[in-house]
Amino acid sequence: MLPLIPWPTAVEPSDAPPLRAGAVRITAPDAELAGLAAEQLAAAGLPVVTGGDASPAGASPTDAAADVVGLVDLVLRLDEGAGPAGSDNPERYTLRVAADGVVATAPERVGLLHAVRTLRQLVPAAAGAGAASSVPAVVVHDAPRYGWRGLSFDVVRHWFGPADMRAVVDLVAAFKLRVLHLHLTDDQGWRIEIPSRPELEKASDNQVGGGTAGFLTTEDYRELQEYAAARFVTIVPEFDMPGHINAATHVYGHLTKDGLPTDSYDGIEVGFSRLWFDNPATEPFLRDVIGDLAAMTVGEWVHVGGDEVHTMEVEEFGRFVELAARIVRESGKTPVFWQEGARGPVEPGTLLQYWEPKGEEFDRFVAAAGAGARFIMSPGNHAYLDMKYTPEHPLGLAWAGHVELRDSYEWEPAAVIDGLPADAVEGVEAAVWTETITTRDELFSMLLPRLGAVAEVAWTAPERKDWEAFRARTAAQAPAWRDAGWEFHPTPQVDWP
């Protein structure tokens with residue numbers, strides 16, 4: 001079994017001997033793509049030499065290719081004919097590993113990088129200095145099931161700075177995910193600079209349990225988006241409203257009903273904070289925050305929350321949904337709401353992110369789909385990766401139950417909401433909330449190995465999924481995770497090497 005996660009559409013094993021690779025020479029459509037390929041392969045222990053048509057920046061200055069033992073040519077080529085037969089998916093690709101080298105083809109650059117990520121997983125970890133890696137000969141034709149494949153990352157409850165965010169970009173990209181959704185505002189803190197509302201910076205230095213925290217400056221946010229976009233990951237910012245808003249009302253007392261600022265908050269309870277629609281200060285605040293976020297964001301989406309507003313009548317909540325969606329669209333972006341957004345008016349193209357099974361809402365979800373909304377599936381009992389693995393696990397919460405690796409793997413996005421048409425599912429997104437998570441190692445131990453399971457749910461057709469095979473492939477990836485310094489939870493559901 002090849003150690004590939006997510007499992008591809010079609011794999012053609014070969015009887016040919018494995019490819020012996022001691023170094024790689026890359027030919028690519030451009031230097032940037034060659035550099036990204038070199039980044040992937042260097043992480044797998046394969047040095048890159050110069051000499052291709054588009055040599056990667058920073059490649060080893062070794063032009064004497066004849067002196068390199070086990071030199072392999074990797075050719076990345078744009079080709080409309082690549083991918084599984086009959087597929088028109090823009091992310092499709094074909095990877096051919098043979099005795100005379102490696103060729104990756106795809107109609108777009110993103111597919112070429114997907115092919116390189118697949119090749120990276122085929123390279124055994126830690127062959128040793130000067131040793132050649134044995135790469136199996138194979139042909140892979142591949143394309144994803146869903147276009148929206150992502151991770152929602154809470155940087156509010158505990159602050160994770162730009163370096164941690166870039167590390168998470170690298171992790172999601174390794175599993176061919178395309179979206180990093182950043183939960184940037186909540187009751188505890190405010191994590192993004194809003195130029196028209198600079199006072200919000202005062203709400204940044206707080207988090208669960210207290211202690212020093214921080215926020216992304218506009219420059220930090222621009223650089224993070226550039227880093228992610230180069231790796232074909234889109235940053236989706238979330239400004240959560242009209243609840244989860246205490247950090248803002250702590251700074252701007254005029255947003256409250258009585259005009260008095262709220263106290264700062266470092267607990268983990270939810271549902272107590274809110275905005276007031278008829279307050280004259282509310283709409284200007286929404287326009288400033290959403291407008292600035294949209295202007296700073298390269299991607300096409302802005303998430304405006306809408307979850308867990310426990311102290312507001314449905315009619316007032318619906319007015320917030322309509323206003324926030326309108327401002328997002330006027331700002332040139334597409335609105336995303338948590339599932340509660342279905343309680344308000346829904347326009348075609350709006351994305352609703354499902355997270356909690358609430359049977360009384362199912363008819364409303366189906367009606368929203370009929371009105372043109374599309375759904376991102378993030379069910380808490382499968383895709384919330386801050387849930388404890390077991391009752392004894394030291395990190396995480398358990399309101400959605402305990403989520404072991406198999407729970408994250410064995411579910412079907414199109415069957416989550418009874419009566420929802422399968423074609424209304426835009427994709428799948430894991431989520432990690434950080435009430436109990438304080439360090440990068442803790443974060444990665446909650447994401448791995450479960451993020452790979454959710455990635456396979458999002459990428460692989462259900463008939464090609466296999467739990468026993470996935471267990472083996474997960475175990476085979478562990479040495480590479482160790483080499484990368486990625487902490488993971490050694491769940492007993494996997495026979496680890």
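Residues Pro162 and Asp220 come closest through the heavy atom pair CG-CG, 4.1 Å. When all heavy atoms of Ser87 and Ala143 are compared, the closest pair comes out as OG-CB, 3.9 Å.
Separating the OG1 atom in Thr297 from the CG atom in Leu182 is a distance of 9.5 Å, to the nearest 0.5 Å. Distance CG/Asp292 to CD1/Ile192: 10.0 Å, rounded to 0.5 Å. Atom CG of Leu395 and atom OH of Tyr389 lie 9.5 Å apart (nearest 0.5 Å). In this structure, CG in Leu180 is found 4.5 Å from CD1 in Ile235, a value given to the nearest 0.5 Å. Considering CG of Asp186 and CG of Asn246, their distance stands at 9.0 Å, rounded to 0.5 Å. Note that CG of Leu113 and CG of Leu33 are 6.5 Å apart. Values are rounded to the nearest 0.5 Å.
Ion pairing between Arg178 and Glu91 holds under the 4.0 Å rule for side-chain N and carboxylate O. A salt bridge does not link Arg374 to Asp423: none of the charged side-chain nitrogens sits closer than 4.0 Å to a carboxylate oxygen. A salt bridge does not link Glu223 to Arg166: none of the charged side-chain nitrogens sits closer than 4.0 Å to a carboxylate oxygen. Glu487 has no carboxylate O lying under 4.0 Å from a charged side-chain N of Arg482, or vice versa, which leaves the two without a salt bridge.
The closest side-chain donor-acceptor pair between Trp486 and Asp441, if any, does not fall under 3.5 angstrom. Checking Asp142 against Tyr93 by side-chain atom types alone, a donor-acceptor pair falls below 3.5 Å. Defined by atom type and a distance below 3.5 Å, a donor-acceptor pair is present between the side-chain atoms of His141 and Thr94. With no hydrogens or angles considered, no side-chain donor-acceptor pair links Thr185 and Asp240 at under 3.5 Å. A donor atom on one side chain and an acceptor atom on the other are found under 3.5 Å apart for Tyr227 and Asp170. Defined by atom type and a distance below 3.5 Å, a donor-acceptor pair is present between the side-chain atoms of Gln40 and Arg120. For Asn206 and Ser264, the side-chain atoms include no donor-acceptor pair closer than 3.5 Å. Trp7 and Glu456 share no donor-acceptor pair across their side chains, judged by distance under 3.5 Å alone. Between the side chains of Glu404 and Thr390, no donor-acceptor pair is found at a separation under 3.5 Å.
Between the Thr491 side chain and the Val494 main chain, no donor and acceptor come within less than 3.5 Å of each other. The backbone N or O of Gly299 lies less than 3.5 Å from a partner atom in the side chain of Lys333, making a donor-acceptor pair. Between the side chain of Glu442 and the main chain of Thr438, a donor-acceptor pair closer than 3.5 Å is present. In terms of modelled atom types and a separation under 3.5 Å, the side chain of His158 and the main chain of Ile437 share a donor-acceptor contact. Judged by distance alone, the side chain of Gln225 and the main-chain N or O of Met296 form a donor-acceptor pair under 3.5 Å. When atom types are taken as modelled, the side chain of Arg20 and the backbone of Ala99 share no donor-acceptor pair closer than 3.5 angstrom. No side-chain donor-acceptor contact under 3.5 Å links Arg92 to the backbone of Pro144. No donor-acceptor pair closer than 3.5 Å links the side chain of Glu429 to the backbone N or O of Ile376. The backbone N or O of Gly267 sits less than 3.5 Å from a side-chain atom of Gln188, completing a donor-acceptor pair. A donor-acceptor pair under 3.5 Å is absent between the side-chain atoms of Glu435 and the main chain of Arg157, judged by distance alone.
In this structure, the side chains of Arg450 and Met446 come closer than 4.5 Å at one or more pairs of heavy atoms.
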Intermediate values then yes/no, side-chain contact (heavy atoms from CB on, under 4.5 Å), Glu426 and Tyr146: CA-CA 7 Å; Glu426 184 76 10; Tyr146 292 114; over 6 Å; no

Verdict with supporting geometry, Leu151 and Leu447, side-chain contact (heavy atoms from CB on, under 4.5 Å): CA-CA 10 Å; Leu151 171 68; Leu447 295 175; 4.0 Å; yes

Criterion side-chain contact (heavy atoms from CB on, under 4.5 Å) on Glu201 and Trp190, from CA distance to verdict: CA-CA 7 Å; Glu201 295 175 21; Trp190 193 279; over 6 Å; no

Verdict with reasoning, Leu4 to Thr118, per side-chain contact (heavy atoms from CB on, under 4.5 Å): CA-CA 7 Å; Leu4 300 178; Thr118 296; 3.8 Å; yes

Pair Arg109-Asp30, salt bridge (charged side-chain N to carboxylate O under 4.0 Å, His left out): steps then yes or no: CA-CA 10 Å; Arg109 294 171 73 252; Asp30 57 75; 2.9 Å; yes

Salt bridge (charged side-chain N to carboxylate O under 4.0 Å, His left out) evaluation trace for Arg145 with Glu463: CA-CA 12 Å; Arg145 180 183 183 188; Glu463 65 272 14; over 6 Å; no

His181 vs Trp338, ring pair (Phe, Tyr, Trp, His ring centres under 6.0 Å): CA-CA, chis, key distance, verdict: CA-CA 12 Å; His181 161 192; Trp338 293 105; 5.7 Å; yes

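Ring geometry, His114 versus Trp459: the interplanar angle exceeds 60°, so the pair is classed perpendicular (tilted spans 30 to 60°). By the 30° and 60° cut-offs, the orientation of the rings of Trp148 relative to Trp301 is perpendicular.
None of His183, Gln353, Arg191 except one satisfies the side chain to side chain donor-acceptor pair (under 3.5 Å) rule with Glu238; the exception is His183. When each of Trp399, Phe375, Phe337 is checked for a ring pair (Phe, Tyr, Trp, His ring centres under 6.0 Å) with Trp355, only Trp399 meets the rule.
The number of heavy-atom neighbours closer than 6.0 Å to CD of Glu269, taken from other residues, nucleotides and ligands shown, is 12 or below.
The cationic group of Arg471 does not satisfy the cation-pi geometry with Tyr409, failing either the under 6.0 Å distance to the six-membered ring centre or the 45° limit from the ring axis.
Under the ring pair (Phe, Tyr, Trp, His ring centres under 6.0 Å) criterion, His244 pairs with no residue at all, not counting sequence neighbours.
Aromatic ring centres of His402 and His393 lie farther apart than the 6.0 Å criterion allows.
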